[in-house]
A.B. asks: 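One structure, as structure tokens, below. Some questions next.
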Amino acid sequence: MKLNSIRSAILGIGMAVPSKILTNFDLEKMVETSDEWIIERTGIKERRILEDGENISKYAIEASLEALEKAKVSPKEINLIICATLTPDYLIPSLSVLVQNGIKAINAGAFDLSATCSGFIYALAMADQFIKNNPNWKILIVGAEALSRKTNWKDRTTCILFGDGAGAVVMGKSSEPEKRGIIDFILGADGSQWQLLTLKGGGSCYPPFDKRLPEDEYYIKMQGREVFKAATKMVEKTSLELLKRNNLTTKDIKLLVPHQANLRIIEYLRERLNLPKDKVYVNIHKYGNTSAASIPLALYEAEKDGKLKAGDLILLVAFGGGFTFGGALLHW
Ligand code: COA
């Protein structure tokens, strides 16, 4: 196990999701699908969706304030805010700046991080490096998504999958480095398959309202079956490599907290790692795929459900459009 004398740790966690629930039965009225099909193929029963006029920054701020309170850190003590998101309120300003203003973190720098569904793990890895170099820093990481705003509600192959929400953690130097904090992480990407999962419209290639692009390209498009195949390979390889290079086996893991994209992908990974069901945290049935928010939402609820105790060894693993992928090993 690679342990630096300074380790970064999660000091507090918060979450906030819209109260509006969109069930599979609601979707049955919108596209040709069924509750049974969605549950069988994805494990999702319902997802949270922003009301018209609401913005995800509201939930990012709410989750951040809870994380700060739990960490017993004041907004003024925050040195840096990293928001992992692919659906910020605006392109300018960034979501992180809206959070900075919303929580009054007057001494913090702020930037958004774009690594699709792996964004939270990328942000954890960045915060870890900052804290190793600046051990007194406190860093706020937010994973927040408003995927409902980029979902094509006429496309049954994607609209059943996504949801909105925000999770936040405050990171700082571990006060018990032998027992708590980040151990190691892997960050990866495979741009050779970028065409399998896209949101082309609205970027600088096809600016908003560019007539060259069909309307459905202004929403998330995906070749689900191909993404599924790639995802299973990425999460298995990342998990095994992280364990191996830290001389750990799956038996050492207290809890696997994977990105919640599809229950079948999670089940595939659980079987490959030979883990019992109670060592894998799942809350996809309630929230669907919330991209960069999914791991902090799962961590939050795992702790609330009593599945995560101080010092437990946990494995986080994620993949997303691009492709990007990543994993992190840590003592909770
Ligand atoms: N309701 C009913 N039928 C549907 C449907 C829906 N919502 N969506 C697709 N179908 C149909 C298809 O049209 C297809 O019909 P056909 O056989 O007549 O052509 C059939 O169901 C099977 O489609 P397929 O795409 O092979 O299903 P699948 O088992 O691969 O499940 C996904 C589709 C999207 C759920 C699955 O591929 C998936 O989860 N992929 C990974 C997605 C992912 O994780 N993305 C996020 C990355 S972060």
Side-chain angles (χ1 to χ4, degrees), residues 22-47 84-87 113-123 143-148 150-165 167 187-191 193-199 216 219-239 257-270 282-285 287-298 316-327:
L22 187 76
T23 66
N24 292 347
F25 298 107
D26 295 325
L27 282 165
E28 282 181 359
K29 294 177 204 137
M30 296 160 67
V31 288
E32 202 182 324
T33 191
S34 67
D35 175 56
E36 198 187 358
W37 192 95
I38 301 171
I39 291 177
E40 189 194 313
R41 300 292 176 119
T42 70
I44 302 166
K45 292 185 179 164
E46 58 187 43
R47 63 292 284 145
T85 185
L86 57 97
T87 48
L113 185 157
S114 170
T116 60
C117 304
S118 314
F120 183 77
I121 290 183
Y122 271 67
E145 299 286 10
L147 295 178
S148 65
K150 297 291 179 185
T151 296
N152 180 353
W153 294 105
K154 292 180 193 145
D155 176 5
R156 69 174 182 170
T157 68
T158 53
C159 75
I160 55 158
L161 297 172
F162 302 117
D164 304 336
L187 305 179
D190 176 7
Q193 304 192 69
W194 71 270
Q195 297 277 12
L196 295 179
L197 178 43
T198 55
L199 201 183
D216 65 349
Y219 301 101
I220 297 167
K221 272 188 104 173
M222 183 173 63
Q223 293 175 41
R225 207 177 298 184
E226 299 312 313
V227 172
F228 191 101
K229 280 189 222 153
T232 48
K233 283 193 198 127
M234 286 184 280
V235 290
E236 181 182 356
K237 188 167 175 282
T238 305
S239 303
V257 183
H259 169 45
Q260 311 279 310
N262 183 316
L263 185 59
R264 280 158 55 214
I265 296 175
I266 297 173
E267 270 297 297
Y268 168 90
L269 181 63
R270 185 183 73 73
V282 174
N283 64 358
I284 190 172
H285 51 288
Y287 303 114
N289 180 348
T290 56
S291 188
S294 102
I295 288 185
L297 291 185
L316 312 179
V317 65
F319 63 92
F323 293 115
T324 64
F325 54 91

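Only heavy atoms go into these numbers, but all of them, side chains included; no hydrogens, no water, no symmetry mates. In each ligand, atom 1 is the first atom listed, and ligand 1 is the first ligand listed.
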A.B. asks: For Phe162, is there any backbone N or O sitting under 3.5 Å from a side-chain donor or acceptor partner on Tyr287?
C.D. replies: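 Flag not set: sc Tyr287 to bb Phe162 has no pair under 3.5 Å.
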A.B. asks: Using a distance threshold of 4.0 Å (strictly less than), state whether atom 19 (O) of ligand 1 has a protein heavy-atom neighbour.
C.D. replies: no
A.B. asks: For ligand 1, which atoms, with element, lie under 4.0 Å from some heavy atom of Ile160?
C.D. replies: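 Per the distance check, 7 (N).
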A.B. asks: Who gets closest to atom 46 (C) of ligand 1 by heavy atom: Thr116, Ile44, Asn289, Thr324?
C.D. replies: Asn289
A.B. asks: Among all protein heavy atoms in this structure, tell me which lies nearest to atom 21 (O) of ligand 1, with the distance rounded to 0.1 Å.
C.D. replies: Trp37 CZ2, 3.4 Å
A.B. asks: Asp164 side chain to Ser148 main-chain N or O, any donor-acceptor pair under 3.5 Å?
C.D. replies: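 Looks like yes, one N/O pair under 3.5 Å.
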A.B. asks: Please could you name the atoms of ligand 1 that His259 approaches to less than 4.0 Å, counting only its heavy atoms?
C.D. replies: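 By the 4.0 Å cutoff, the relevant atoms are 48 (S).
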A.B. asks: What are the two closest non-hydrogen atoms of Leu197 and Ile220, and how far apart are they?
C.D. replies: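 Of all heavy-atom pairs spanning Leu197 and Ile220, the closest is CD1-CG2, 3.8 Å.
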A.B. asks: Measuring from atom CD1 of Ile121 to atom CD1 of Ile295, what distance do you get when rounded to the nearest 0.5 angstrom?
C.D. replies: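 CD1 of Ile295 is found 4.0 Å from CD1 of Ile121.
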A.B. asks: Is it the case that the side chain of Thr324 and the backbone of Thr116 share a donor-acceptor pair, with hydrogens and angles ignored and the cut-off at 3.5 Å?
C.D. replies: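 No, the answer is negative, given that no donor and acceptor are paired below the 3.5 Å cut-off.
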A.B. asks: Do Leu86 and Leu147 come close enough that some side-chain heavy atom pair is under 4.5 Å?
C.D. replies: yes
A.B. asks: Looking only at distance, does Arg41 have an N or O less than 3.5 Å from an N or O of ligand 1?
C.D. replies: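 The answer is yes, given that Arg41 and ligand 1 share an N or O pair closer than 3.5 Å.
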A.B. asks: Nearest protein heavy atom to atom 47 (C) of ligand 1, by residue and atom, and its distance?
C.D. replies: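 I find the closest protein heavy atom is Phe319 CE1, 3.5 Å.
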A.B. asks: Going through the checks in order, is the side-chain contact (heavy atoms from CB on, under 4.5 Å) test met by Phe325 and Val317?
C.D. replies: CA-CA 8 Å; Phe325 54 91; Val317 65; over 6 Å; no
A.B. asks: Are any of the N/O atoms in Gly224 less than 3.5 Å from those in ligand 1?
C.D. replies: yes
A.B. asks: Check whether any protein heavy atom sits under 4.0 Å from atom 5 (C) of ligand 1.
C.D. replies: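 Yes; the ligand atom in question has protein heavy-atom contact below 4.0 Å.
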A.B. asks: Between the main-chain N or O of Pro258 and the side-chain N or O of Gln260, is there a donor-acceptor pair closer than 3.5 Å?
C.D. replies: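 Such a contact is found between Gln260 side chain and Pro258 backbone.
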A.B. asks: As an exercise, identify every atom of ligand 1 less than 4.0 angstrom from a heavy atom of Ile265.
C.D. replies: 44 (O)
A.B. asks: Can you sort out which atoms of ligand 1 are near Cys117, meaning under 4.0 Å from one of its heavy atoms?
C.D. replies: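 So the answer, numbered in order with elements, is 48 (S).
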A.B. asks: Can you confirm whether something in the protein, heavy atoms only, sits under 4.0 Å from atom 27 (O) of ligand 1?
C.D. replies: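 Neighbour list for atom 27 (O) of ligand 1 includes protein heavy atoms (cut-off 4.0 Å).
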A.B. asks: Tell me, which protein residue and heavy-atom name are nearest atom 12 (C) of ligand 1, and how many Å apart are they?
C.D. replies: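 For atom 12 (C) of ligand 1, the nearest protein heavy atom is Arg156 NH2, 3.9 Å.
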A.B. asks: Does Leu197 have a non-hydrogen atom less than 4.0 Å from ligand 1?
C.D. replies: yes
A.B. asks: Could you list the atoms of ligand 1 found under 4.0 angstrom from a heavy atom of Arg264?
C.D. replies: 29 (O), 31 (O)
A.B. asks: How far does OG1 of Thr23 sit from CD1 of Ile44, to the nearest 0.5 angstrom?
C.D. replies: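 These two atoms lie 12.5 Å from each other.
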A.B. asks: Is the closest N or O pair between Asn262 and ligand 1 shorter than 3.5 Å?
C.D. replies: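 Indeed, backbone or side chain, Asn262 has an N or O that close.
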A.B. asks: Could you list which atoms of ligand 1 come closer than 4.0 Å to a heavy atom of Gly320?
C.D. replies: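 Listed by number with element, the hits are 48 (S).
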A.B. asks: Does the residue Val31 have a heavy-atom contact with ligand 1, meaning some pair of atoms that are separated by less than 4.0 Å?
C.D. replies: no
A.B. asks: With respect to Thr33, determine whether any N or O atom, backbone or side chain, lies less than 3.5 Å from an N or O atom of ligand 1.
C.D. replies: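 Yes: some nitrogen or oxygen of Thr33 is under 3.5 Å from one in ligand 1.
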A.B. asks: Please walk me through it: do Thr85 and Glu145 pass side chain to side chain donor-acceptor pair (under 3.5 Å)?
C.D. replies: CA-CA 6 Å; Thr85 185; Glu145 299 286 10; 3.3 Å; yes
A.B. asks: Side chain, backbone, both or neither: which applies to Glu32 and ligand 1 if a contact is any heavy-atom pair less than 4.0 Å apart?
C.D. replies: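 Under 4.0 Å from ligand 1, Glu32 contributes backbone atoms alone.
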A.B. asks: Got a salt bridge between Arg264 and Glu267, using NZ or NE/NH1/NH2 to carboxylate O under 4.0 Å?
C.D. replies: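 Salt bridge between Arg264 and Glu267, a charged N being under 4.0 Å from a carboxylate O: no.
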A.B. asks: Nearest protein heavy atom to atom 34 (C) of ligand 1, by residue and atom, and its distance?
C.D. replies: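 Nearest neighbour among protein heavy atoms for atom 34 (C) of ligand 1, to 0.1 Å: Thr157 O, 3.8 Å.
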A.B. asks: Distance-only, no hydrogens or angles: does the Asn262 side chain make a donor-acceptor pair with backbone N or O of Arg41 under 3.5 Å?
C.D. replies: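 A pair under 3.5 Å: yes.
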A.B. asks: Considering only protein heavy atoms, which is closest to atom 44 (O) of ligand 1, and at what distance to one decimal place?
C.D. replies: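 That would be Ala261 CB, 3.5 Å.
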A.B. asks: Specify the protein heavy atom at minimum distance from atom 17 (O) of ligand 1: its residue, its atom name, and the distance to 0.1 Å.
C.D. replies: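 Residue, atom and distance for the closest contact: Arg225 NH2, 5.0 Å.
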A.B. asks: Starting from atom 35 (C) of ligand 1, what is the nearest protein heavy atom, named by residue and atom, and what distance separates them?
C.D. replies: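 Looking at atom 35 (C) of ligand 1, the protein heavy atom closest to it is Thr42 CG2, 3.6 Å.
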A.B. asks: Nearest protein heavy-atom contact for atom 45 (N) of ligand 1: which residue, which atom, what distance?
C.D. replies: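 Protein heavy atom at minimum distance: Met222 SD, 3.1 Å.
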A.B. asks: Checking the side chain of Arg47 only, and the main-chain atoms of Ile160 only, is there a donor and an acceptor separated by less than 3.5 Å?
C.D. replies: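 Pair found, side chain donor or acceptor close to backbone of Ile160.
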A.B. asks: When you measure from the side chain of Thr42 to the backbone N and O of Ile39, does any donor-acceptor pair fall under 3.5 Å?
C.D. replies: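 Not a single qualifying donor-acceptor pair exists.
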A.B. asks: NZ/Lys221 to NZ/Lys150 distance, rounded to the nearest 0.5 angstrom?
C.D. replies: 15.5 Å
A.B. asks: Under 4.0 angstrom from ligand 1, any heavy atom of Ala231?
C.D. replies: no
